[in-house]
Amino acid sequence: PLSGDPCSSPARLARTPYVVLSYVNGPPPV
Amino acid sequence: GITEAQARAIVDNALKLYSQDKTGMVDFALESGGGSILSTRCAETYETKTALLSLFGIPLWYFSQSPRVVIQPDIYPGNCWAFRGSQGYLVVRLSMQIRPTTFTLEHIPKTLSPTGNITSAPKDFAVYGLENEYQEEGELLGRFTYDQDGESLQMFPVPKRPEGAFQIVELRILSNWGHPEYTCLYRFRVHGEPVE
Amino acid sequence: GITEAQARAIVDNALKLYSQDKTGMVDFALESGGGSILSTRCAETYETKTALLSLFGIPLWYFSQSPRVVIQPDIYPGNCWAFRGSQGYLVVRLSMQIRPTTFTLEHIPKTLSPTGNITSAPKDFAVYGLENEYQEEGELLGRFTYDQDGESLQMFPVPKRPEGAFQIVELRILSNWGHPEYTCLYRFRVHGEPVE
């Protein structure tokens with residue numbers, strides 16, 4: 001890691017170069 | 001009693017059939033094999049706006065499964081096309097012109113459903129052969145019922161051998177097993193005899 | 001000795017369970033079913049910069065698997081999330097609130113590993129139930145060890161039935177089986193009892 005302890009805070013996936021899928025407003029149709 | 005060799009043969013044959021798309025029969029609706037979804041007529045995809053895709057924290061769009069998944073083999077929970085209500089239509093162009101003999105409908109098994117039930121499964125349905133995608137009432141190939149207490153994969157032979165051959169079929173879902181908001185279609189397959 | 005019918009029944013039941021995601025149990029972490037990855041901690045994705053995607057000869061970007069693959073069912077070699085070192089935490093939001101009863105961890109079998117070993121597999125791990133995604137120390141649901149000499153898919157029952165129910169769990173990988181640079185997570189599943 002460039003700075004800080006990687007265990008101290010959660011790495012929100014929002015900052016990563018991946019498409020992130022999050023479920024809002026309930027579960028998908030199954 | 002059977003011998004070990006006979007038991008091995010039973011196992012091998014069962015595994016072989018399982019590995020052949022579980023049916024050992026050509027699926028002329030399969031998208032990768034040449035099938036395609038032409039339209040959904042009166043059916044409206046059930047837009048839940050629940051699966052949000054984002055990149056670098058920026059929301060991009062809400063994802064929902066398209067009708068194409070009905071002719072794709074992945075049937076994990078959630079990988080179904082959901083349409084509003086219990087009546088839906090799907091017009092499928094097969095990879096070639098065939099005389100349909102059997103249809104297969106699949107749903108997830110109850111054991112894998114997070115809700116513990118499969119009320120979103122289709123119940124009564126009918127399949128029609130169409131001359132072209134705009135034909136409103138094609139030739140009825142059969143009326144069937146998917147049994148929620150049966151196997152996850154159910155096969156439905158056409159009751160009467162159709163005279164004509166078709167490259168376009170229409171799947172009409174007429175009812176579901178009780179879900180008040182939507183019906184989920186996991187996979188629909190069309191088997192038959194190719195014609196020249 | 002057994003009869004042919006008994007042998008067939010054994011085989012059919014085995015295949016049926018196999019076809020039900022191999023466990024016949026709901027996986028509340030499965031992404032298509034409503035699970036999602038919230039965050040990672042103590043973990044840095046192991047960027048190899050080896051898989052280069054290009055179009056018309058123009059390099060676009062280096063691809064590496066995201067943590068989402070841990071809640072997706074494809075476990076072919078390489079379809080794992082690799083994090084640097086042997087310690088990594090993953091926070092997973094389940095499709096609904098449950099009382100967790102069992103966890104499943106999968107890795108590729110040694111027979112399919114190009115290196116002939118699975119030193120990148122996780123070894124000791126722990127699972128916590130979190131009240132919210134920012135909670136640093138949740139309720140410990142159990143400490144377990146993935147056995148590199150065991151089955152590819154291993155299930156770990158929770159030792160003591162948790163009092164509370166959770167929709168967020170944290171998977172903490174504490175050690176691996178010897179790979180000096182990274183640890184690979186193929187698939188993590190969470191099973192349990194839904195609560196209202």
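Residue numbers begin at 1 in each chain, while the letters A, B, ... track the order of the sequences.
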Closest-packed option against chain C by number of heavy-atom pairs under 4.5 Å, given A/Pro28, A/Pro29, A/Gly26: A/Pro28

Between C/Arg93, C/Met96, C/Glu31, which has the largest tally of heavy atom pairs under 4.5 Å with chain A? C/Glu31

Region of C/Glu47 in contact with chain A, defined by heavy-atom distances below 4.5 Å: side chain

How about NZ on C/Lys16, more than 12 heavy atoms from neighbouring residues, nucleotides or ligands closer than 6.0 Å, or not? no

Flag side-chain contact, heavy atom, 4.5 Å: A/Tyr18 against C/Pro67: yes

So which part of C/Ser32 gets closer than 4.5 Å to some heavy atom of chain A, the side chain, the backbone, both or neither? backbone

What heavy-atom pair brings C/Ser36 and A/Leu21 nearest, and what distance separates the two atoms? CB-O, 3.6 Å

Shortest non-hydrogen contact from C/Ser95 toward A/Pro27: O-CB, 4.2 Å

